[in-house]
Structures are given as structure tokens and as C-alpha cells.
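Notes follow the structure.
As the structure is a prediction and not an experimental result, all values here were calculated from the model. When a ligand or atom number is given, it counts from 1 through the structure's own listing order.
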Amino acid sequence: MASVGLPFVLAVLAAALMPPSAVAQLRTDYYATKCPKLETIIRSSVKQSMAQSPISGPATLRLFFHDCAVRGCDASILIVNSNGDDERRNADNQSLKPEGFQTIMNAKAAVDSDPQCKYQVSCADILALAAREAVYQSGGPNYPVELGRFDGRLSTRNSVVLPHANFNLDQLNSYFAGLGFTQTEMIALSGGHTIGASDCPFFQYRIGTDPTMDPAFAAQLNSTCNANPTTGFAFFDDTVVGFDNSYFRKLQVGRGVLGSDQVLYTDTRSRATVNNYATNQGAFFADFVMAMTKLGRVGVKTAATGEIRRDCRFPN
Ligand code: HEM
């Protein structure tokens, strides 16, 4: 037992405790008769949201991760509790951009405006489909999304445990192993940082102190954050809203924004995977799709443990 890490033990326990039906119920054609136009409706709604704001895509993808990582993919991140005790109000979720929540609200309204679909589709599934759209409509892979999740009824501030921008490789591996992911899958998922941006407080401490940061890049970030210490931000890569492998090429030249990004290249144990994704976009896309599908299976609720929420913000 001494040689086996705690996250591994927890992952095995979680897998053993999860009823087999929780995963088995997920199917790509789950809504084929309940809401046959579901994917078209969400595709067009997310397209509109992304046209309204370039933040919508990145914010929606991040929202999906923050939902699945806490209590599983059950849309608990969307719940607004009247006593103020909910996941969204945890400090680690304060930087989630409102555009992500709005994208899901818009998609839910579009789904419910089809009489056949009204109150048939879970908020958790809408979030999973919207995250795929954020990827695909940014130029990334178009992959089949497993569906059939039910929405959770609980959301509390203290249940939120998320990775931090200053994590080293061991901390990242241990966090993601707790959700059932390998190091390679963790690196593929980190590739989600190919779209969007980070606010200065998440990386400012590295400027001038982290020797792995390219000096010209450090100067650039420094002037951005000095000019606007509270509202300054940096895009993760040069193709801001383009889903591609340029995030990994930036890591190779010391231009990763977060410490948790750059360490994937700096640490020699994960460098080969970064190099592979940096030179082979197809490999990144294939692994990202696999890891996103796996992320979508985390802690899925069933009809017995969840519900189809009528308003994504409030349990029925
Ligand atoms: C590996 C551990 C991770 C850490 C430490 C981390 C941390 C962060 C931080 C600090 C930000 C900046 C937030 C802000 O300033 O508003 C961010 C943004 C983002 N994250 Fe992560 N993240 C991680 C994994 C992921 C994963 C697995 C995904 C999805 C697959 C993801 C998707 C995103 C996206 C798309 C953004 C941009 C959001 C926007 O522009 O509004 N992240 N992340």
C-alpha cells in the first residue's frame, strides 16, 4: 500500500463506487426521439453567442471543465443558491467569465423553444454540447458527444477543488489522477488553453522571477500588467480564438502564460508529449477528443440521482 499514491486509491474507490449504469447510460443518440434537432439547435445558438462576443467560446469550454471537475458533469456550476453558498461563488470560480454562463442560458432557451424538446434536455448535456461547439467553431475537431447526463441538485462553495496556475507537474498529475486521467490526458486537456486568455494576477508573479520565461515575452507581459494591474490580461497564444496546436509551440519557446502551462515543457517528464503535440496537430486533436469524452463521463448523475432542470440556475 505504501507505494500506491492517495489519488490513485481515491480514483479506484470512486470507480468502484460508481454504479455501472452511470457511465453505460451515456449515448451519442440519447435524444434521437426526445429532441431530434438538439445538435442543430445548439450549434446555431452557440454560433450566435460566439458572434456576439469572442469570449463566449473560451469561457464556455472552461465552464465545462469547472463543472465536471467538481461533483461531476452535472451542471452544478450553473446553480445559484439564494444563500450565496454555491460553486460559482468560490474564489477559484470568480474569474469564470459571464459570457460562458450566458452561452448556456441562450442555448437552453433555444432548446426549450422547440416544443418537442422543452424540459427534455439536461443542462449538463447542453453544457457538454456547447463545449464541443466552442472547440469546433474555433477551428478545432468536431467530435461526437455522449449524452444522457442528469442535473445535480447540490452546489456548495466548499466542494470546489480546482488546479492552480502555480501547480508543478506532480501537483497537476496528482489532481488529474484524482479524476481518473493520465499525464498524457492531462497535457491534452491543458491544450484547451489554445483559446482564451488569463488575467494578470494568475501569472504576474512569474515575470522577472521565472527563468523559464522568454525575456522578450516577460517584458511584453510586464508592460501589459503594469499598464492595467487589475484589468490587464494576456492571450494564451497568438491564435486567440483559434483552436490549434500553437499553445504547445509557445511552450517550446518559453512563452507559456501560466506556470502550470510552462511546466509541461520545462519538466523533462512531460516534454516529449508537448513536443509531439507541437509538431503533430492531428495527434493533439485526437487525444483532446478522447480526453474531453472521458471528462464528460466524470461523476455522471442518473435519473435516480439527478433531474432535468427546468431553469439551469435553480434545482426544480
Ligand atoms: C491544468 C490545469 C489548469 C489550470 C491550472 C488552469 C487555470 C486557468 C487559469 C488561471 C485561467 C485564467 C482565468 C482568467 O484569468 O480568467 C484559465 C483559463 C482558461 N482555461 Fe484553464 N486551467 C487548467 C485546465 C484547463 C482545462 C482542462 C480546460 C479545458 C479543457 C481549460 C480551459 C480554459 C480556457 C478555455 C480558459 C480561457 C477562459 C477565458 O478566456 O475566459 N483549463 N485556466
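Scanning all heavy atoms of the two residues, the minimum distance from Ser155 to Ile79 falls at CB-CB, 3.7 Å.
Checked by distance only, ligand 1 and Pro58 stay at 3.5 Å or farther apart across all their nitrogen or oxygen atoms. Between Ser260 and ligand 1, a contact under 3.5 Å exists for no N or O pair.
Listed by number with element, the atoms of ligand 1 under 4.0 Å from a non-hydrogen atom of Phe236 are 17 (C), 18 (C), 19 (C), 36 (C), 37 (C). Taking every non-hydrogen atom of Ser198 and a distance limit under 4.0 Å, the qualifying atoms of ligand 1 come out as 12 (C), 15 (O). If you number the atoms of ligand 1 from 1 as listed, the ones under 4.0 Å from a heavy atom of Ala165 come out as 5 (C). Of all the atoms in ligand 1, the ones that sit under 4.0 Å from a non-hydrogen atom of Ile195 are 35 (C), 37 (C). Within ligand 1, counting atoms from 1 as listed, the ones closer than 4.0 Å to a heavy atom of Lys97 are 14 (C), 16 (O), 41 (O). Residue contact check: Leu172 has heavy atoms under 4.0 Å from atoms 1 (C), 2 (C) of ligand 1.
Looking only at heavy atoms of the protein, atom 15 (O) of ligand 1 is closest to Asp199 N, 2.6 Å. Atom 3 (C) of ligand 1 has as its closest protein heavy atom Pro163 CG, 3.8 Å. Regarding atom 30 (C) of ligand 1, its nearest protein heavy-atom neighbour is Leu189 O, 3.5 Å. Protein heavy atom at the shortest distance from atom 14 (C) of ligand 1 is Phe202 CE1, 3.6 Å. Looking from atom 40 (O) of ligand 1 to the surrounding protein, the closest heavy atom is Ala197 N, 3.0 Å.
Contact annotation: the side chain of Cys117 never approaches that of Tyr31 to less than 4.5 Å [non-hydrogen atoms, C-beta and beyond]. Taking the side chain as every heavy atom from C-beta outward, Thr212 and Arg206 approach each other to under 4.5 Å.
A ring pair (Phe, Tyr, Trp, His ring centres under 6.0 Å) check over residues 254-302, counting only residues at least two apart or in different chains, returns the pairs Phe243-Phe284, Phe243-Phe285, Phe243-Phe288, Phe248-Tyr277, Phe248-Phe284, Tyr277-Phe284, Phe284-Phe288. Listed by first then second residue, pairs satisfying salt bridge (charged side-chain N to carboxylate O under 4.0 Å, His left out) with a partner in residues 50-60 number zero, not counting sequence neighbours.
One finds the NZ atom of Lys47 at 13.5 Å from the CD atom of Gln52 (value rounded to the nearest 0.5 Å). One finds the NE2 atom of His193 at 7.0 Å from the CZ atom of Arg62 (value rounded to the nearest 0.5 Å).
Counted within 6.0 Å of CZ on Phe217, heavy atoms from surrounding residues, nucleotides or ligands total more than 12; the atom is thus considered enclosed.
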Exercise. Checking side-chain hydrogen bond (donor to acceptor under 3.5 Å, both in side chains) for the pair Thr239/Asp237: CA distance, chi angles, key distance, verdict?
Worked result: CA-CA 6 Å; Thr239 51; Asp237 65 22; 3.2 Å; yes
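Neighbouring protein atoms of atom 21 (Fe) of ligand 1 (N, O or S, distance under 2.8 Å, waters ignored): His193 NE2.
Ring planes of His164 and Phe167: tilted class, angle from 30 to 60°.
One finds no salt bridge joining Asp112 and Lys118 here, because no Lys/Arg side-chain nitrogen approaches an Asp/Glu carboxylate oxygen to under 4.0 Å.
Geometric assessment of Arg309 against the ring of Phe150 yields a negative cation-pi assignment under the 6.0 Å and 45° thresholds.
Contacts with ligand 1 closer than 4.0 Å are made by side-chain heavy atoms of Phe176 only, the backbone lying farther away.
Partners of Asp92 according to the salt bridge (Lys or Arg N to Asp or Glu O under 4.0 Å) rule, which considers only residues two or more places apart in sequence or in another chain, do not exist here.
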